[in-house]
Structure formats: structure tokens, C-alpha cells
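This is a predicted model, so every value here is computed, not measured.
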There are 2 protein chains.
Amino acid sequence: MDQEDPSDRPLTRIQARNRQTILEAALEVFSQYGYRGATLDQIAEVAGLSKPNLLYYFPSKEAIHIALLSGQMDTWLDPLRALDPGGDPVTEIMGYVHRKLDLSRDYPRESRLFANEILQGAPRMMEALQGDLKSLVDEKAAVLARWAAEGRIANLPPHHLIFSIWALTQHYADFDVQVRAVLGPGHDPYAEADRFLDTLFRKLLIP
Amino acid sequence: MDQEDPSDRPLTRIQARNRQTILEAALEVFSQYGYRGATLDQIAEVAGLSKPNLLYYFPSKEAIHIALLSGQMDTWLDPLRALDPGGDPVTEIMGYVHRKLDLSRDYPRESRLFANEILQGAPRMMEALQGDLKSLVDEKAAVLARWAAEGRIANLPPHHLIFSIWALTQHYADFDVQVRAVLGPGHDPYAEADRFLDTLFRKLLIP
DNA sequence: GTCTATACTCTGATAGAC
DNA sequence: GTCTATCAGAGTATAGAC
């Protein structure tokens with residue numbers, strides 16, 4: 001999955017900067033149009049570089065997409081990793097909910113990038129889903145199950161509890177245009193969602 | 001938005017059947033690859049027709065997509081339309097939740113078709129979102145608000161309550177590959193979701 | 001109504017000058 | 001390292017035979 005320079009030489013500062021510029025532009029375009037809908041021309045224009053120059057830094061369109069996905073994977077999983085098995089159950093879970101909603105608000109393009117990829121069958125991410133993601137979720141689900149067995153939170157299927165946090169928080173990023181179209185002007189979707197999801201999960205977690 | 005034959009002649013049986021064959025194939029392909037990612041070649045192959053023949057029945061690729069979206073819109077909104085302002089609040093809302101989850105289970109392609117479109121900014125659906133969809137949601141949100149004011153359900157922001165039903169039910173269709181990858185084999189995602197969402201919303205709605 | 005052939009455009013990728 | 005020029009293939013759409 002890694003697309004780093006296979007040679008032993010480290011990247012120069014210019015190389016590192018240009019790679020970052022390209023990945024930033026690629027995020028803009030891939031997140032909006034999906035993998036096949038995005039074109040190198042669009043990415044080159046957003047990046048302010050020529051199309052052949054893109055392909056000097058990355059061997060192919062797919063390599064850019066894969067580098068983008070792997071580069072963002074850690075950021076995407078960190079909020080769940082931070083869930084502390086030794087902490088107070090409700091505090092830890094509510095902390096996760098709020099961190100995940102903050103991610104949707106602050107990084108909606110990243111959310112849509114992953115949403116596009118999974119929606120289309122995750123052809124370039126299946127390995128990560130079945131590997132790192134499943135391992136992490138299984139690990140944290142075991143923590144949730146223990147808390148439930150100890151009567152410290154409601155007895156809920158832990159995997160689906162995690163899915164519900166993903167679904168409810170990512171909805172505000174992925175379906176942003178629908179949320180805003182339905183709410184109409186004069187609303188702050190994320191502020192309202194923050195209060196609503198706080199209420200929802202606090203009620204749900206009561207044993 | 002309508003893409004019907006502009007002439008006054010009604011469609012023959014053959015024409016109607018071929019249009020349906022094309023739309024069925026288009027659903028298969030557009031829902032998996034999104035608008036730009038789908039090709040007329042793929043749709044023609046799935047439909048078992050030649051590419052020019054597709055363009056005999058529809059004037060363009062975009063026309064097929066638009067016909068597909070408008071044709072599915074009613075099916076997609078019917079479960080919410082069926083929410084009865086005169087019924088028992090919890091029964092009505094739980095009925096909506098279960099109907100919506102059944103839609104995700106039985107029509108996942110339709111769910112992904114709309115998800116792809118909205119995710120990419122809803123360029124061919126914005127009008128419907130701001131018109132029919134907003135009107136319907138506003139109308140039903142007013143019902144929910146009345147029930148909350150009467151103390152018959154918990155006092156929650158009605159629009160976000162509806163968003164939460166959408167997010168939680170559509171997640172199982174749109175992110176199906178992720179759900180199955182994380183759960184691993186030996187699970188029935190929709191059966192588990194049905195029980196989980198029943199618990200979740202019953203708890204949430206208690207005043 | 002349906003097909004083969006094809007026009008024309010877009011897209012990913014490469015060659016080669018500087 | 002970056003550019004212009006360009007190729008080969010795929011893509012939408014049309015022409016015209018049957």
C-alpha cells in the first residue's frame with residue numbers, strides 16, 4: 001500500500017513540498033468527484049503545476065490516490081485509538097463522539113474521500129478495512145463489552161455502537177449539501193449536531 | 001427534471017420495456033461507480049444492448065442519470081410520507097425507522113445512487129433537495145415538534161432526529177463493505193442493526 | 001429499432017527540449 | 001525539475017446501412 005520513493009535517498013525539501021502540494025490538490029479533487037471522476041488535469045490546475053510534473057512526483061493517478069488514502073488513515077483512526085480503557089466509560093465514549101464530529105467539521109474533504117472510496121466498494125482500501133481497521137475496532141469493542149458487562153454502560157452490541165458513532169458524525173460531512181438544503185439558511189449544522197449527539201449518546205449509554 | 005418523451009405519442013410496450021431495462025442496468029452501474037465513473041459501455045453491456053441503442057432511448061448519459069434519480073425519488077421519500085400525524089408517536093417513528101432500514105437492506109443500490117450524488121455535491125438533485133425534500137421534512141418535523149411539545153416524546157431538535165434516522169439506516173447500505181469487513185464472517189448486519197436501532201430510538205424517544 | 005462504423009473529445013501517460 | 005508536444009486508448013455521441 002505504501003507509495004514512498006523506493007530509492008534510499010531522502011526527499012529534498014522541494015520534493016517534499018511539491019508532494020504535499022499535489023496531495024492537497026488531490027484531496028480537493030478526489031473528495032469531490034471520486035477516483036474515476038477526478039482527472040489529472042483538475043488536480044494539476046488546483047496544484048498550480050503541469051500535468052507531466054504531477055507524474056514526475058507520482059508514477060500514476062492511482063499512486064496519488066493511494067498515497068492520499070494511506071496518509072490520511074492515521075488521522076482518521078486516531079480518535080478511536082485515543083479511547084482509554086482505563087478511563088470513565090461515559091466520558092471516554094462521549095469524548096470519542098465529540099472528537100469524531102470535530103473531524104467531520106474540520107476535515108470534511110477527508111471524510112468524503114473515504115466515503116467515496118468505501119461507497120464504490122473500497123477497491124484500494126479493502127486490505128486496510130479487514131486489517132488495521134478491524135483490529136482496532138475489535139480491540140475497542142472488547143473494551144465497550146467489558147464496560148457493559150460491568151454494568152457501567154447500557155448493554156449494547158459494541159460494534160454497532162461504534163458504527164452508530166461513525167454514521168451520525170460522518171453524515172454531517174458527507175451529506176453536507178443535503179443537511180444545509182433541508183435546514184435552510186440561519187442554521188449552524190455542526191453546533192446543533194454537537195448538542196443533539198451529546199443528548200443522544202448520553203441517553204443511549206444509561207444502563 | 002422530467003425526461004419523458006416530449007412527443008405526444010405514448011410509449012409502445014417495447015419502448016417501455018427497453019427503457020426499464022436500461023434504467024435497471026444504469027442503476028447497477030451508476031450506484032457502484034458514481035456519475036462520472038460510470039460509462040455507457042458498462043451500462044450497455046449490463047443491459048444487453050448496444051451503446052447507440054441506449055442513445056436511441058435516451059438523448060444522453062446525463063438524461064439516463066436524471067431519469068433514474070427522479071424515478072427513484074418517490075420510493076425514497078415514501079417511508080417518511082407514511083409517517084401519520086394522527087398515530088401514536090413512538091409507533092409512527094419506530095415504523096419509519098424500520099421501513100427505512102428495510103429500504104437499505106432491499107434496495108442498497110438505490111441508497112448508494114443517492115449517496116454518490118449527494119456526496120459529489122448533488123449537481124443534478126439540488127433542486128429536489130431544496131424543494132420537495134425540504135418541504136416534506138419541514139412538514140414532518142413540525143409533527144415531531146408538536147409531539148415533543150405535548151410531552152409524548154423527548155424534546156429533541158426534529159430535523160436532526162430525522163437526520164439521525166437517515167444516517168443510521170443508510171450507513172448499512174452505503175458502507176456495506178466496511179460494515180462486513182469490520183464485523184467479519186458469521187454476521188447478519190441488517191438483523192443486528194434492526195434490533196440495535198430499535199433499542200436506540202426507543203431509548204432516545206423516552207421523554 | 002437496432003446495428004456497425006466512425007467522428008471527435010478527453011484522459012492518462014511519455015518523449016524530449018531546456 | 002519543469003515545460004511543450006504528443007501518443008494511445010477510452011469516452012460520448014452521431015451517421016447511415018439494414
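Contact annotation: A:Ser50 does not reach the phosphate of D:dT2 (side-chain N/O to OP1 or OP2, under 4.0 Å). Note on B:Tyr56: every side-chain N or O is 4.0 Å or more away from OP1 and OP2 of C:dC3. Look at B:Tyr57 and you'll find a side-chain N or O under 4.0 angstrom from OP1 or OP2 of C:dT2.
The distance from atom CD of B:Glu45 to atom C1' of D:dA10 is 15 Å, rounded to the nearest whole Å. Going from atom CG of B:Asn53 over to atom P of D:dT12 covers 16 Å, rounded to whole Å. Across the protein-nucleic acid pair, B:Gln15 atom CD and C:dT2 atom C1' stand 13 Å apart, rounded to whole Å. Separating the CZ atom of B:Phe58 from the C1' atom of C:dG1 is a distance of 15 Å, rounded to the nearest angstrom. Atoms OH (A:Tyr33) and P (C:dC10) sit 15 Å apart, rounded to a whole Å. Following rounding to the nearest Å, A:Ile22 (CD1) and D:dT2 (P) show an atom-to-atom distance of 9 Å.
Under the 4.0 Å criterion applied to side-chain N and carboxylate O atoms, A:Arg81 and A:Glu139 are not assigned as salt-bridge partners.
Between B:Met73 and B:Asp132 there is no side-chain heavy-atom pair separated by less than 4.5 Å. In this structure, B:Trp166 and A:Gln178 have side chains that are in contact, with non-hydrogen atoms separated by less than 4.5 Å.
The six-membered or imidazole ring of B:Tyr172 lies near that of A:His160, with a centre-to-centre distance under 6.0 Å.
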Can you give one letter per nucleotide of nucleotides 12-18 of chain C, 5' to 3': B if a protein heavy atom sits under 4.0 Å from the base, S if only from the sugar-phosphate, - if neither? BBB----

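Scanning for salt bridge (charged side-chain N to carboxylate O under 4.0 Å, His left out) contacts around A:Lys61 gives an empty result, with sequence neighbours left out.
Shown are B:Phe30, B:Tyr107, B:Trp76, B:Tyr35; of these, the ring pair (Phe, Tyr, Trp, His ring centres under 6.0 Å) with B:Phe114 is made only by B:Trp76.
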